[in-house]
S.K.: 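Quick one: the structure is below, questions incoming.
Within every chain, numbering begins at 1; the chains are lettered A, B, ... in the order of the sequence lines, protein sequences first and strands thereafter.
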Protein chains: 2
Amino acid sequence: MNPDLRQIRAFVTVAQLGSFTRAASLLNVSQPALTVQIRNLEEALGVRLFDRNTRTVSLTRMGREFVPALQRILRDLDAIVAEARDVAALRHGIVRLAALPSFASGVLPEIIAQFREANPKISFVIHDVIASGVVAQVREEQVDLGLTGGRIVDPDFEVLHTTQDHMHVVYPVGHSFGDMEQVDVEALTLHPLILMHPATSVRSVVDAAFLAAGRLPIVAAEATYMSTAVGMVRAGLGAAILPGSAMEVRAEQTLRSRPVDDRRFTREISIIKKAERTLPPASESFAHTLIQTLQTA
Amino acid sequence: MNPDLRQIRAFVTVAQLGSFTRAASLLNVSQPALTVQIRNLEEALGVRLFDRNTRTVSLTRMGREFVPALQRILRDLDAIVAEARDVAALRHGIVRLAALPSFASGVLPEIIAQFREANPKISFVIHDVIASGVVAQVREEQVDLGLTGGRIVDPDFEVLHTTQDHMHVVYPVGHSFGDMEQVDVEALTLHPLILMHPATSVRSVVDAAFLAAGRLPIVAAEATYMSTAVGMVRAGLGAAILPGSAMEVRAEQTLRSRPVDDRRFTREISIIKKAERTLPPASESFAHTLIQTLQTA
DNA sequence: CAGGATTCATAATCTCAGCCTATTACTGTG
DNA sequence: CACAGTAATAGGCTGAGATTATGAATCCTG
């Protein structure tokens with residue numbers, strides 16, 4: 001028969017203490033139980049490990065040679081078990097998530113900071129990629145969670161939460177948008193606009209909204225990055241339409257922003273994970289706080 | 001509860017095969033047993049290891065991270081068990097023994113060569129030291145076996161075997177010893193002799209024999225090493241009295257040797273081990289062949 | 001799209017490994 | 001030489017874990 005972890009623990013403990021009785025009390029078993037465990041281990045290995053009479057216990061040479069190796073195995077195993085329990089208790093862990101750049105630079109950093117205050121040992125790996133990239137990385141399980149725009153119908157994914165991300169218009173101080181009762185599609189159509197690049201999810205929403213309203217915007221410029229768009233606004237090229245989730249819509253000294261007064265200028269945001277996949281405890285927990293933060297905000 | 005080796009083996013096997021059913025048949029248990037083992041392991045670690053539905057099994061990220069570490073532990077442990085069984089089966093091992101130089105260079109090499117023919121993987125560590133050194137090394141357990149002269153009465157030691165080592169006289173071709181009916185104490189007293197150094201056990205035997213006979217030898221020279229004594233004989237300084245066990249008494253071209261014809265020129269040889277100590281299987285086995293060889297010779 | 005096949009999970013039952021208590025046997029010590 | 005302390009043995013019992021039987025879900029196929 002093959003050795004057993006309890007037998008190995010018994011052996012190492014007896015070897016260290018030099019006594020069956022004391023080892024037994026340390027291991028919370030009776031002394032006869034230990035005697036049997038050691039005997040079984042000796043039979044399993046085919047080698048006598050202790051020379052013992054009724055008064056004294058000492059390792060044989062073979063026993064002495066095996067102690068360090070077995071000790072190391074116990075140590076390694078205990079370390080793995082402790083690691084697993086740390087992961088389970090959120091004392092350790094890595095949250096891997098993919099997010100659209102707008103979220104990655106916008107709402108996410110604050111939420112992560114708040115989460116890490118409660119769980120300081122948990123680290124994050126954020127992949128900021130475009131919408132199709134988020135979906136792909138979740139599908140290939142390079143990340144546990146995805147934060148992306150649009151509605152997900154693929155059964156490969158489970159949508160943990162959806163929320164609305166309303167578009168804002170960003171304009172320089174003194175722009176006429178600042179004085180209007182409401183900035184609706186009509187108003188937007190009258191001014192040169194800076195829009196995101198057509199491949200982005202923000203642009204699809206904007207285009208769809210204009211299309212639904214039967215209007216065409218005056219496109220002054222297109223930008224791939226939101227910070228570029230903001231720079232263009234600052235340079236006076238026009239007003240930018242950017243999602244409310246993005247950091248860039250926050251007030252700068254010389255700029256202002258306000259929501260577009262039209263429900264259609266809204267994109268859906270989904271927090272997704274791969275279907276039928278258990279998240280690591282850290283990611284699971286972070287998903288929860290993420291959802292709660294987005295709900296209350 | 002703490003993890004169990006069977007649980008770990010089950011986990012690694014299921015992870016490798018990606019199937020409970022196939023893993024179960026490989027491990028010679030029923031599939032429900034495996035299900036329970038994995039569940040218990042997951043509970044012990046506090047972490048879900050597999051995502052499984054009724055058709056498919058796949059590792060979670062946590063599970064994937066634990067596989068290599070646990071695999072290594074199983075590999076290490078199996079190696080230790082295999083090593084122990086090799087030692088038990090004499091497929092491995094080291095025989096440590098201390099012997100008087102006369103044996104170490106005399107009878108021992110042949111016996112070791114013969115033993116290693118049957119057990120090629122067993123190696124030897126020979127300490128050739130004087131009698132008191134042999135006893136000391138056995139007492140301190142630096143060696144398993146001791147081969148020494150004299151009678152051992154100390155209860156710290158167990159005498160596995162005793163045999164007689166009769167003294168021989170070594171002389172040049174043409175010496176008158178070669179023509180005598182018998183070389184007894186009387187004869188020895190008439191010729192210059194080369195004796196071992198007084199600290200050696202050979203010399204004590206020789207001195208005691210002369211004392212008992214009430215004679216005094218003519219000491220031409222004293223040597224610490226037997227090979228030195230033989231060199232002196234070759235140089236014509238006289239005849240040497242050396243133990244029969246020593247290689248040096250074997251015929252050289254220009255030398256002859258014959259037993260001294262007096263029962264008192266005999267020393268006792270003991271094979272000893274520490275009392276109450278189990279020998280490693282290799283040493284145990286070698287002790288047996290050693291005893292048998294000495295008995296039949 | 002229905003049904004058979006396959007696979008994991010659950011339930012119920014049972015067996016034996018292993019524990020505990022009580023006792024024995026031995027040894028080192030004062 | 002008696003006592004104290006320690007490991008080994010015996011006997012009885014309990015529960016962990018195995019098995020078989022069955023259920024539930026999913027995939028494959030015609």
S.K.: Output the rounded distance in Å from CG (A:Asn40) to C1' (C:dG18).
M.R.: 9 Å
S.K.: Does a nitrogen or oxygen in the side chain of A:Thr56 sit under 4.0 Å from OP1 or OP2 of C:dG28?
M.R.: no
S.K.: May I ask you to say what A:Val36 touches in the nucleic acid, namely base, sugar-phosphate or nothing, with a heavy-atom cut-off under 4.0 Å?
M.R.: nothing
S.K.: Rounding to a whole Å, what distance do you find between B:Met1:CE and D:dA16:C1'?
M.R.: 11 Å
S.K.: Ignoring hydrogens and geometry beyond distance, is a side-chain donor-acceptor pair present between B:His127 and B:Gln142 at under 3.5 Å?
M.R.: no
S.K.: Have a look at B:Asp51 and tell me which of A:Lys274, A:Lys273, A:Arg277 forms a salt bridge (charged side-chain N to carboxylate O under 4.0 Å, His left out) with it.
M.R.: A:Arg277
S.K.: Have a look at B:Arg22 and say if it touches a base, only the backbone sugar-phosphate, or nothing, with a 4.0 Å heavy-atom cut-off.
M.R.: nothing
S.K.: Between B:Phe66 and B:Phe11, does the ring centroid distance fall short of 6.0 Å?
M.R.: no
S.K.: Distance alone, cut at 3.5 Å: any donor-acceptor contact between the side chains of A:Thr296 and A:Gln292?
M.R.: no
S.K.: For D:dA7, does either OP1 or OP2 sit under 4.0 Å from a side-chain N or O belonging to A:Arg39?
M.R.: no
S.K.: Please determine, for the side chain of B:Arg6, which listed nucleotide (C:dT21, C:dC8, D:dA18) has the closest atom?
M.R.: D:dA18
S.K.: Within less than 4.0 Å of OP1 or OP2 of D:dA18, is there a side-chain N or O belonging to B:Gln37?
M.R.: yes
S.K.: I'd like to know if B:Arg52 pairs up with B:Glu42 as an ion pair, taking the criterion as any Lys NZ or Arg NE/NH1/NH2 lying under 4.0 Å from an Asp or Glu carboxylate oxygen.
M.R.: yes
S.K.: Between A:Arg55 and D:dA4, does any side-chain N or O lie under 4.0 Å from OP1 or OP2?
M.R.: no
S.K.: What is the distance, to the nearest angstrom, from the CD atom on A:Gln31 to the C1' atom on D:dA8?
M.R.: 7 Å
S.K.: Let me know the distance between CZ of B:Phe20 and P of D:dT26, rounded to the nearest Å.
M.R.: 16 Å
S.K.: On the nucleotide D:dA7, are OP1 or OP2 found under 4.0 Å from the side-chain N or O atoms that A:Thr21 carries?
M.R.: yes
S.K.: Answer with base, sugar-phosphate or nothing: what part of the nucleic acid does B:Ala33 contact at a heavy-atom distance below 4.0 Å?
M.R.: base
S.K.: As a test of reading the structure: which of C:dA9, D:dG17, C:dA22 is closest to the side chain of A:Pro32, going by heavy atoms?
M.R.: C:dA22
S.K.: Tell me: CZ of A:Arg48 to P of D:dA7, nearest whole Å?
M.R.: 14 Å
S.K.: Can you tell me the distance, in whole Å, between the CG atom of A:Asp4 and the C1' atom of C:dC19?
M.R.: 14 Å
S.K.: Provide, to the nearest angstrom, the distance between the CG atom belonging to A:Asp51 and the P atom belonging to D:dA8.
M.R.: 11 Å
S.K.: Using whole Å, what does the distance between atom C1' of nucleotide C:dC20 and atom CG of A:Asn28 come to?
M.R.: 14 Å
S.K.: What's B:Ser30 touching, base or sugar-phosphate or nothing? Going by heavy atoms closer than 4.0 Å.
M.R.: base
S.K.: Distance criterion of 3.5 Å, no angle test: do you see the side chain of B:Thr54 paired donor-to-acceptor with the base of D:dA25?
M.R.: yes
